Amino acid sequence: MIKRTSQLPGFYKVTVNERRRLVAEATGVEAHEIARALDRGGLEAETADKFVENVLGTYGLPYGVTLNVRVNGKDHVVPMVVEEPSVVAAASNAAKMVRAGGGFHAEMDAPLMISQVQLTHVADAPRATRAILAAKEEILARADRAVPGLCARGGGARDLEVRTLGQASDAMIVVHIIVDCRDAMGANLINTIAEAVADRLASLAGGRVGLRILSNLCDKRCVRIRCRVSAGMLATEDMDGQAVIDGIVNASRFAELDPYRAATHNKGIMNGVDAVVIATGNDWRAVEAGAHAFAARSGQYSPLSTWRRDGDALAGFLEMPLALGTVGGTLRVHPSARLSLKIAGVESSSDLAAVAASVGLASNLAAVRALATDGIQRGHMALHARSVALAAGAQGSEVEGVAAIIVEARDITVEAARRALSVLHTKTARRATSEGDGHGIRHEERQSSSVVDG
Ligand code: MEV
């Protein structure tokens with residue numbers, strides 16, 4: 001019986017193979033399973049060819065893990081697929097601060113999705129509404145018959161709502177069938193139901209069938225995350241914790257008052273959420289569409305999270321719709337997505353949503369703390385320097401060496417990285433001649449103190 005932990009000090013300093021070994025020990029997933037599912041991106045071109053059309057190959061992205069995540073008292077090592085430097089380290093670092101205050105507290109709605117059926121050319125909307133509501137049990141039974149597998153797993157149609165949209169001349173009726181999708185994201189199930197009940201609804205309404213599709217504004221499937229961080233954890237070299245709390249509360253107020261800032265604030269949340277959604281084979285476009293529609297539900301686009309002072313500490317709250325699956329879809333065929341669920345140690349779609357949203361709140365905390373203190377560029381540029389070093393041709397341990405040089409020179413350009421690389425090559429060649437050893441490049445600390453995860 002392994003004791004699952006998400007605390008792996010010094011993780012960022014070791015090699016990729018060593019990290020795989022540490023994650024295997026911490027999660028109970030076999031190291032060879034990790035290698036098999038992640039080497040070459042886990043997806044062969046032949047399999048990709050069955051996913052989508054006109055395939056030429058596959059496209060790789062970095063696969064990392066966020067550490068220190070504790071949700072409702074349970075530790076999770078959380079896979080993230082993302083191309084942006086510093087996102088993974090920043091989330092790990094913020095999760096560590098939250099963990100010290102008791103971790104994330106998550107609350108999840110039942111996995112209810114909305115199937116929409118549009119009915120047009122309805123002559124008498126009130127009469128049609130009454131007829132549909134009177135046939136509610138019949139419609140729900142018809143919906144259930146269309147998804148027997150879901151019903152066998154304990155899901156199925158739960159409720160029906162009728163809405164009238166538009167003015168008298170072009171009024172239309174929209175029927176919502178509310179469906180419990182259990183551990184599926186549910187898009188296919190919901191669309192199947194919409195198509196199965198549409199004709200009957202049109203006949204009850206005396207109208208014509210329009211669109212039959214799920215709604216990505218799945219506001220009956222929300223997740224709510226709370227966390228509390230002590231001032232001491234938030235302090236930086238130059239600012240005490242109380243001043244950082246004030247700065248973060250100001251950042252939150254700014255987002256609450258201004259859609260221009262709210263969009264960027266929410267982008268910081270989605271940095272974390274999307275990376276987990278992608279790693280677990282889920283539909284991030286659906287998640288994005290739902291998140292932003294939810295953010296605009298009051299008529300003003302607003303932040304999905306808010307930060308407030310709670311005595312001497314900082315309290316964070318995030319609420320968003322999150323339709324994720326742990327069965328079906330991409331998970332059937334993508335070994336890396338299946339591996340992600342095992343590493344994360346999530347057993348249901350609700351668990352996964354709680355973990356993904358917690359990583360979103362962690363990413364948001366890291367961003368607003370950096371913005372309220374040193375500014376985002378310091379930590380960001382230090383990590384960006386590694387991509388620049390790679391672009392300049394640095395390989396293996398040279399990447400850290402070159403990145404350290406260009407950060408110190410405050411010149412993070414490919415040109416500067418090329419110069420640094422050539423200096424390193426000259427030094428290495430000299431050392432090899434004098435010592436008969438070609439590996440003299442010093443390992444530099446790779447991550448700035450503002451985002452480091454250990
Ligand atoms: C960058 O990917 C995300 C941030 O812009 C988020 C924010 O401003 O809160 C740093």
Side-chain angles (χ1 to χ4, degrees), residues 61-66 78-98 104 225 227 229 233-234 236 239 243-279 284-285 287-288 291-292 294-296 300-309 314-320 356-388 407 412 447-453:
L61 283 171
Y63 183 111
V65 286
T66 291
V78 191
M80 294 178 85
V81 169
V82 62
E83 85 299 344
E84 185 175 329
S86 100
V87 166
V88 178
S92 290
N93 190 42
K96 189 174 180 180
M97 295 176 199
V98 170
F104 298 96
I225 310 288
C227 68
V229 190
M233 292 304 294
L234 293 163
T236 66
M239 275 171 82
V244 178
I245 292 180
D246 289 340
I248 293 177
V249 172
N250 264 332
S252 179
R253 291 291 301 142
F254 181 8
E256 289 159 48
L257 294 168
D258 179 18
Y260 287 91
R261 174 56 206 157
T264 323
H265 179 103
N266 287 345
K267 195 275 182 178
I269 294 171
M270 300 315 287
N271 272 345
V273 174
D274 281 342
V276 181
V277 171
I278 296 172
W284 70 94
R285 288 89 54 212
V287 167
E288 284 280 337
H292 299 297
F294 189 74
Q300 164 156 327
Y301 186 90
S302 303
L304 295 165
S305 73
T306 49
W307 295 95
R308 289 288 182 272
R309 175 179 280 285
L314 177 72
F317 176 65
L318 166 75
E319 183 180 24
M320 65 182 293
S358 296
V359 173
L361 192 57
S363 299
N364 176 225
L365 172 61
V368 287
R369 175 172 175 264
L371 288 166
T373 56
D374 297 335
I376 206 74
Q377 288 305 75
R378 189 169 149 203
H380 217 256
M381 289 320 272
L383 291 178
H384 174 59
R386 288 160 65 195
S387 330
V388 172
V407 165
I412 303 169
Q447 289 162 308
S448 90
S449 61
S450 67
V451 292
V452 80
D453 65 343

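Both ligands and their constituent atoms are indexed starting at 1 by order of listing. These numbers were taken from a predicted model, which means no experiment stands behind them.
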What distance separates [X] [atom1] from [Y] [atom2], expressed to the nearest 0.5 Å?
| X | Y | atom1 | atom2 | answer |
| --- | --- | --- | --- | --- |
| Y63 | I278 | OH | CD1 | 12.5 Å |
| M80 | D274 | CE | CG | 9.5 Å |
| N266 | E288 | CG | CD | 9.5 Å |

All salt bridge (charged side-chain N to carboxylate O under 4.0 Å, His left out) counterparts of E256, not counting sequence neighbours: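 Partners of E256 by the salt bridge (charged side-chain N to carboxylate O under 4.0 Å, His left out) criterion, ordered by chain and then number, come out as R253, R308.
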Is there side-chain contact between M320 and V273, with heavy atoms separated by less than 4.5 Å? yes
Could you pull out every N or O of ligand 1 that sits under 3.5 Å from a protein N or O, with the distance for each pair?
{"residue": "ligand 1", "atom": "2 (O)", "partner": "E84", "partner atom": "OE1", "Å": "3.4"}
{"residue": "ligand 1", "atom": "2 (O)", "partner": "E84", "partner atom": "OE2", "Å": "2.6"}
{"residue": "ligand 1", "atom": "2 (O)", "partner": "K267", "partner atom": "NZ", "Å": "2.7"}
{"residue": "ligand 1", "atom": "2 (O)", "partner": "N271", "partner atom": "ND2", "Å": "2.9"}
{"residue": "ligand 1", "atom": "8 (O)", "partner": "R261", "partner atom": "NH1", "Å": "2.8"}
{"residue": "ligand 1", "atom": "8 (O)", "partner": "R261", "partner atom": "NH2", "Å": "3.4"}
{"residue": "ligand 1", "atom": "9 (O)", "partner": "R261", "partner atom": "NH2", "Å": "2.7"}

Is it true that N364 and S305 share a donor-acceptor pair across their side chains at a distance under 3.5 Å? yes
